[in-house]
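Everything on this sheet refers to the single structure shown next.
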Amino acid sequence: MRPVAGRSPVAGRYAKRSTVQTRGERPGCLPGVRPHMSVVTRFAPSPTGMLHLGGARTALFNWLYARHHGGSFRLRLEDTDRKRSTPEAIAAIIDGLTWLGLDWDGEIVRQSEQRQRHADVAHDLLATGGAYRCYCTPEELEAMRAEARAAGRAALYDGRWRDRDPAEAPPGIDPVIRFRAPQEGETLISDLVQRDIKIDNTALDDMVLLRADGTPTYMLSVVVDDHDMGITHAIRGDDHLTNAFRQTQLFRALGWEPPAYAHIPLIHGPSGAKLSKRHGAVAVGAYAELGILPAAMRNALLRLGWSHGDDEIIDTGQAIAWFDLDAVNRGAARFDMEKLQSLNGHYIRESADAALLADVEQRLAATYSLAAKDEGRRCIMALLPEAKARAKTLVELADNLAFLVCDRPLQMTSKAARLLGDEGSEARRRLGRLQAALQDIAAWSEADLEAAVRGFAEDEGVGLGAIAQPLRAALTGAHASPGIFAVMAALGREETLARLADAGGQGRSDR
RNA sequence: GACCCCUUCGUCUAGAGGUUAGGACACCACUCUUUCAAGGUGGAGACACGGGUUCAAUUCCCGUAGGGGUCACCA
């Protein structure tokens, strides 16, 4: 992982870029209006935890936007807070994105590796008066905030070192470097999603650029990195909206042009509040375990806050073709697991059998602790087309196929046991006769089996259901399963007859 | 508290100054059927409230209420 953001090579490109800006006069218009500028988006998570739905959706939108415009999508780890950033979190983010199929361009940029450049920028600003040293103690700041709050104002730094003579600096205190933010007028953002929003500059204070220990803060780092990486569009969660004003001011102070911003609404948890560790945030990896297909996840995430008329099932190719920021909503949405599952069922049905096989085998092997033998694999493949139509998740799919690889005698569910009845029941005796009837069937094919069983039912003078249900119980241990003839064909002659014997012959092991 | 944002069926959403307010998930019924799904058909279900503007407002404007976000030497 080597950062690409250097200090110099991109400067020239930038000078060119800033002359093209027309954004701001046309709030509703799309970034595509700026010709000849290749789109560069980025997903910039802080590696302090898992990748949850909100982050995943932000990544998706950035990825889609870049792919739609033929630009590039970068991944940047905002690890300036090295105490909180962990290798596990980095791995979780990478795994999550990989699982989702969101591939990034170029190398991953680790913000911490850019700290010297960030510090240099801060010092340049200091030299030109765009920033100043502040010697406040944490206690002093805390008191300041408490007072502001008590007075019913926003808790802002009051700028007490802004114009103070550094000669008055108290001894023994390492100063922070603060941005000298404009105090008059207002700052406008022409957000691609939220439209024009302006804020009075008095609502913003002089933020810290460099901490007392000389390390850069996030606010400085994003600005420098977005600039250095040539980010044209910053698509991120709504919770960054107020940061955009500060960042815009910093960009301007540095003589740079900020990227186009697009603040997308947050995804809310069941409680209606922002997703967080305490509020319904689940790592995307958890959905993989639940048997969700990445394609379904992408589709579900896409429809949260974005729409294309009445279209619901939108595969990734279609999403790339259709996605743009103008159709992004401004209100937060809640995530609906039921809808995800429904979508997932669709994508499972659309999947090729071979693509599902490995996953099913793995799940079966984990749950039933049986090695997938060739015979087992043959059975599974044979029934996959049937089983696929009945599963909303890969977990269900595996569960629905588990009977194929279970050892005899089968464990019966209570409903299955009821279908079979007690020892010597009519249903069981009939299964015994069926076993005999099937004994010398010539070709063990689904069609022949169906003909044979139907014929048998006729001979017995009962409807097919009266045979099929107990038969299903005997063969699968359950009252519901894929089509019974397909089950028999998949199981094979030997295993089918053996299970029939278990149920019809001696009548054992049912519960 | 200050600043900012949001508000159409339970949920995700479409929509437009005049519509029977559309779709999807979930729900109910019917259908198909060897079961369960899937599929098909049908049903119930929404414009937060109050003022304006207008011939007409759910759509535009202003308030109210409710919800959310942000106010760190976190990101």
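Convention: sequence-line order gives letters A, B, ...; per-chain numbering from 1.
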Report summary line: Across all chains, not counting sequence neighbours, the ring-ring contact (aromatic ring centres under 6.0 Å, His included) partners of Trp322(A) are His308(A)
Query raised in the report: Any side chain to side chain donor-acceptor pair (under 3.5 Å) pairs touching residues 139-148 of chain A, not counting sequence neighbours?
Result: Thr137(A)-Glu139(A), Glu140(A)-Arg160(A)
Query raised in the report: Can you list, by residue number, the residues of residues 451-472 of chain A that have a non-hydrogen atom closer than 4.0 angstrom to RNA chain B?
Result: Arg454(A), Leu464(A), Ala468(A), Gln469(A), Arg472(A)
Query raised in the report: What interatomic distance, in whole Å, is found between P of rC62(B) and the corresponding atom of rG42(B)?
Result: 42 Å
**Report entry** Options rU13(B), rC25(B), rC73(B), nucleotide nearest the side-chain atoms of Asp336(A)
**Finding:** rC25(B)
Requested in this report: Please list all pairs passing the salt bridge (charged side-chain N to carboxylate O under 4.0 Å, His left out) test where one or both residues lie in residues 200-209 of chain A, with sequence neighbours left out.
Outcome: Arg162(A)-Asp206(A), Asp205(A)-Arg246(A)
Query raised in the report: Is any side-chain nitrogen or oxygen of Arg330(A) closer than 4.0 Å to OP1 or OP2 of rG69(B)?
Result: no
Polar atom pairs between nucleotides 40-42 of chain B and protein, under 3.5 Å, N or O only, would you list them?
none

Report task. Could you measure between the two C1' atoms, the one in rC61(B) and the one in rG68(B), and give it in whole Å? Result -> 24 Å
Close N or O pairs between protein and nucleotides 63-68 of chain B (under 3.5 Å):
| from | atom 1 | to | atom 2 | distance (Å) |
| --- | --- | --- | --- | --- |
| rG68(B) | O2' | His268(A) | NE2 | 3.2 |

**Report entry** Nearest-angstrom distance, P atom, rG23(B) to rA14(B)
**Finding:** 15 Å
Query raised in the report: So which nucleotide from rG39(B), rG23(B), rC36(B) ends up closest to the side chain of Arg349(A)?
Result: rG39(B)
Report task. Looking only at side-chain atoms of Arg84(A), point me to the closest of rA75(B), rU13(B), rC73(B). Result -> rA75(B)
Query - Greater than 12 external heavy atoms within 6.0 Å of Glu426(A)'s CD - result: yes
Report task. Between Gly483(A) and Arg153(A), name the one whose nearest nucleotide on RNA chain B is closer to the 5' end. Result -> Arg153(A)
Query raised in the report: What residues form a salt bridge (Lys or Arg N to Asp or Glu O under 4.0 Å) with Asp359(A), not counting sequence neighbours?
Result: Arg363(A)
Query raised in the report: So what's rA72(B) paired with, Watson-Crick or G-U wobble, going by both distances under 3.5 Å?
Result: none
Requested in this report: Whole angstrom is fine here: how far is it from CE in Met219(A) over to P in rU70(B)?
Outcome: 12 Å
Query raised in the report: For rG63(B), what is the paired nucleotide under Watson-Crick or G-U wobble rules, both distances under 3.5 Å?
Result: rC49(B)
Query raised in the report: Which listed nucleotide (rA37(B), rC4(B), rC74(B)) is nearest to the side chain of Asp81(A)?
Result: rC74(B)
Requested in this report: Measure from the side-chain heavy atoms of Ala480(A) and tell me the nearest of rA26(B), rU35(B), rC5(B).
Outcome: rU35(B)
Requested in this report: Could you pull out all residues at least two apart from Tyr287(A) that satisfy ring-ring contact (aromatic ring centres under 6.0 Å, His included)?
Outcome: Phe335(A)
Report task. Report the base-pairing partner of rA57(B) (Watson-Crick or G-U wobble, both distances below 3.5 angstrom), or none. Result -> none
Query raised in the report: Is any side-chain N of the basic residue among Arg76(A) and Glu78(A) closer than 4.0 Å to the acidic one's carboxylate O?
Result: yes
Query - Strand partner of rU41(B), provided both Watson-Crick or wobble distances fall under 3.5 Å - result: rA29(B)
Query - C1' gap between rG63(B) and rG43(B), integer Å - result: 39 Å
Report task. Among the candidates rG1(B), rA38(B), rG22(B), find the nucleotide nearest to the side-chain atoms of Arg149(A). Result -> rG1(B)
Query raised in the report: Looking at the side chain of Lys339(A), which of rA75(B), rC25(B), rA37(B) is the nearest nucleotide?
Result: rC25(B)
**Report entry** Short side-chain N/O contact to rA14(B) OP1/OP2 from Asn329(A), under 4.0 Å
**Finding:** yes
Query raised in the report: If you check every side-chain atom of Glu312(A), which of rC6(B), rC74(B), rA24(B) has the closest atom?
Result: rA24(B)
Report task. For His118(A), check ring-ring contact (aromatic ring centres under 6.0 Å, His included) against everything at least two apart and list the hits. Result -> none
Requested in this report: Flag the pair Asp81(A) / Ser46(A) as yes when at least one side-chain heavy-atom distance between them is below 4.5 Å, and no otherwise.
Outcome: no
Report summary line: Taking rC5(B), rC25(B), rG23(B) as options, the one with an atom nearest any side-chain atom of Gln194(A) is rC5(B)
**Report entry** Residues forming a ring-ring contact (aromatic ring centres under 6.0 Å, His included) with Tyr135(A), sequence neighbours excluded
**Finding:** Trp161(A)
Report task. Taking atom C1' in both rA29(B) and rG66(B), compute the distance separating them and give it to the nearest angstrom. Result -> 36 Å
Report task. Would you indicate what Leu156(A) reaches in the nucleic acid, counting non-hydrogen atoms under 4.0 angstrom: base, sugar-phosphate, or nothing? Result -> sugar-phosphate
Query - Identified pairing partner of rU34(B), criterion: Watson-Crick or G-U wobble below 3.5 Å - result: none
Requested in this report: Give none if rU11(B) has no partner; otherwise give the nucleotide forming a Watson-Crick or G-U wobble pair with it, both distances under 3.5 Å.
Outcome: rA24(B)
Query raised in the report: Given rC4(B), is OP1 or OP2 found less than 4.0 Å from the side-chain N or O atoms of Thr242(A)?
Result: no
Report task. Return the nearest nucleotide to the side chain of Asp239(A); candidates are rA37(B), rU70(B), rC4(B). Result -> rU70(B)
Query - Residue whose nearest RNA chain B nucleotide is more 5′ - His308(A) or Ile173(A) - result: His308(A)
Report task. Determine whether any donor atom in the side chain of Arg390(A) lies under 3.5 Å from an acceptor atom in the base of rC36(B), or the reverse, and answer yes or no. Result -> yes
**Report entry** Where at least one partner belongs to residues 379-397 of chain A, residue pairs that pass salt bridge (charged side-chain N to carboxylate O under 4.0 Å, His left out), sequence neighbours excluded
**Finding:** Asp353(A)-Lys388(A), Glu386(A)-Arg390(A)
Query raised in the report: For the atom pair CG (Leu364(A)) and CG (Leu404(A)), what is the distance rounded to the nearest 0.5 Å?
Result: 8.5 Å
Query raised in the report: Contact class for Ser307(A) (heavy atom, under 4.0 Å): base, sugar-phosphate, or nothing?
Result: sugar-phosphate
Requested in this report: Quote, to the nearest angstrom, the C1' distance that separates rG22(B) from rG15(B).
Outcome: 7 Å
Query raised in the report: So, is Arg178(A) close to the rC73(B) phosphate, meaning a side-chain N or O under 4.0 Å from OP1 or OP2?
Result: yes
Query - Arg180(A) side chain vs Gly130(A) backbone, donor-acceptor pair below 3.5 Å - result: no
**Report entry** rA46(B) to rC9(B) separation - P atoms, rounded to the nearest Å
**Finding:** 9 Å
Report task. Look at the side chain of Asn243(A) and the base of rA75(B), then say whether one donor and one acceptor between them are separated by less than 3.5 Å. Result -> yes
For residues 478-486 of chain A, which side-chain N or O atoms pair as donor and acceptor with protein atoms under 3.5 Å away, sequence neighbours left out?
| from | atom 1 | to | atom 2 | distance (Å) |
| --- | --- | --- | --- | --- |
| Ser481(A) | OG | Arg472(A) | NH1 | 2.9 |

Query raised in the report: If you look at every strand shown and take non-hydrogen atoms under 4.0 Å, does Leu241(A) touch a base, only sugar-phosphate, or nothing?
Result: sugar-phosphate
Report task. Please find out if less than 6.0 Å separates the ring center of Trp306(A) from that of Phe323(A). Result -> yes
Query raised in the report: Between rA48(B) and rG67(B), how far is it from one C1' atom to the other, in whole Å?
Result: 11 Å
Query raised in the report: Should Arg145(A) be listed as having a side-chain N or O under 4.0 Å from OP1 or OP2 of rA72(B)?
Result: yes
